[in-house]
Amino acid sequence: MANKIKVATTSLAGCFGCHMSFLDIDERLVTLVEHVQFDRSPLTDIEHCSSDCDIGLIEGGVCNSENVHTLREFRKQCKILVAVGACAINGGLPAMRNFIPLEECLAEAYLHGIGVENAHVPNDEELPLLLDKVRPIHEVVKIDYFLPGCPPSADVFWKFLTDLLAGSQPKLDYELVHFD
Ligand code: SF4
């Protein structure tokens, strides 16, 4: 266990589709966990990254203050940080809200939306504040690798991780790379 590569994952302003695609490596997961130990992740019960985490996989862009906090923790603790999927790389579909003032988005969702009752914008101090725009993660911290796709395919995850685990620069063939 001690010499396994530590991999942490998280979903910021993501839909968990990138995580699902990662799990689509199916039975290859068994091979992966022979070499990899999962650290902080929605797949584990670990709340914070270990200080010696090797690889951090980040799904989703940055849409609120908690996302910023989590992303900074990953950057601090992980040697290699990877932007996984369109949302992490360029904000993705959630960044479509960037064309609408935040106040209008909140009003549409919580005040004037269909079926809304007891209309009010949630303001409990426990809730993370939304940023004015959805940001790609490279605008907040340095990113080492980008895995495109919405989501990246299971084969992309597999090739990327097996290259890294073999100690070589990940190389994705043309056929593996897509942006949709
Ligand atoms: S890139 Fe696509 S699959 Fe991944 S979190 Fe964003 S919307 Fe979901």
Side-chain angles (χ1 to χ4, degrees), residues 7-29 32-33 36 38-49 53-75 77-78 80-100 102 104-106 108-109 113 127-164 170-180:
V7 176
T9 80
T10 192
S11 179
L12 305 176
C15 75
F16 280 92
C18 288
H19 276 81
M20 295 310 294
S21 190
F22 175 42
L23 294 179
D24 277 344
I25 63 173
D26 295 333
E27 70 278 2
R28 289 174 287 186
L29 260 178
L32 190 67
V33 294
V36 156
F38 282 101
D39 202 84
R40 173 178 176 171
S41 169
L43 310 172
T44 67
D45 234 0
I46 302 171
E47 267 186 58
H48 293 288
C49 285
C53 200
D54 296 290
I55 302 171
L57 303 176
I58 312 285
E59 167 197 297
V62 180
C63 77
N64 64 31
S65 56
E66 186 184 33
N67 292 162
V68 174
H69 186 77
T70 301
L71 184 54
R72 286 190 174 142
E73 174 180 312
F74 269 71
R75 178 67 279 178
Q77 311 292 60
C78 302
I80 295 172
L81 207 57
V82 187
V84 174
C87 296
I89 291 173
N90 60 24
L93 280 179
M96 288 180 74
R97 85 151 157 91
N98 293 356
F99 298 101
I100 304 166
L102 180 57
E104 279 184 37
C105 294
L106 290 169
E108 178 63 25
L127 295 172
L129 287 173
L130 288 176
L131 305 184
D132 64 335
K133 307 268 191 230
V134 178
R135 307 281 178 182
I137 63 173
H138 70 81
E139 288 190 8
V140 180
V141 297
K142 178 181 177 292
I143 299 300
D144 301 296
Y145 294 100
F146 297 81
L147 286 189
C150 182
S153 69
D155 288 339
V156 166
F157 279 106
W158 181 250
K159 179 70 166 59
F160 178 79
L161 287 172
T162 50
D163 281 358
L164 266 191
K171 186 172 178 308
L172 302 179
D173 293 336
Y174 178 79
E175 301 74 41
L176 278 181
V177 177
H178 64 94
F179 297 89
D180 56 354

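The first residue in the sequence is number 1, and the count goes up from there. We count ligands from 1, going down the list as the structure has it; atoms in each ligand are counted the same way.
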For a quick test of your reading: what N or O donor-acceptor pairs under 3.5 Å do the side chains of residues 16-23 make, sequence neighbours left out?
from: H19; atom 1: ND1; to: E59; atom 2: OE1; distance (Å): 3.0
from: H19; atom 1: NE2; to: T9; atom 2: OG1; distance (Å): 2.8
from: S21; atom 1: OG; to: P152; atom 2: O; distance (Å): 2.5

ask   = Which atoms of the protein, restricted to N, O or S, are nearer than 2.8 Å to atom 4 (Fe) of ligand 1?
value =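 Metal shell, protein only: C18 SG.
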
Heavy-atom pair with the smallest gap, counting every atom of F38 and T44 =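 Nearest pair, atom of F38 first, then T44: CB-CG2, 3.6 Å.
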
inquiry  = Tell me whether L102 at atom CG has more than 12 heavy atoms from other residues, nucleotides or ligands lying less than 6.0 Å away.
reply    =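 Yes, because the 6.0 Å sphere around CG of L102 holds more than 12 heavy atoms from other groups.
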
ask   = Applying salt bridge (charged side-chain N to carboxylate O under 4.0 Å, His left out), which residue pairs with at least one partner in residues 140-152 are found, sequence neighbours left out?
value =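 Applying salt bridge (charged side-chain N to carboxylate O under 4.0 Å, His left out) to every pair that reaches into residues 140-152, excluding sequence neighbours, yields R75-D144, K142-D144.
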
request  = Quick one: list whatever passes side-chain contact (heavy atoms from CB on, under 4.5 Å) with R28, sequence neighbours left out.
outcome  =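 Residues passing side-chain contact (heavy atoms from CB on, under 4.5 Å) with R28: I25, A154, D155, W158.
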
query = Between the side chain of N98 and the main-chain N/O of V134, is any donor-acceptor distance below 3.5 Å?
reply =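 Yes.
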
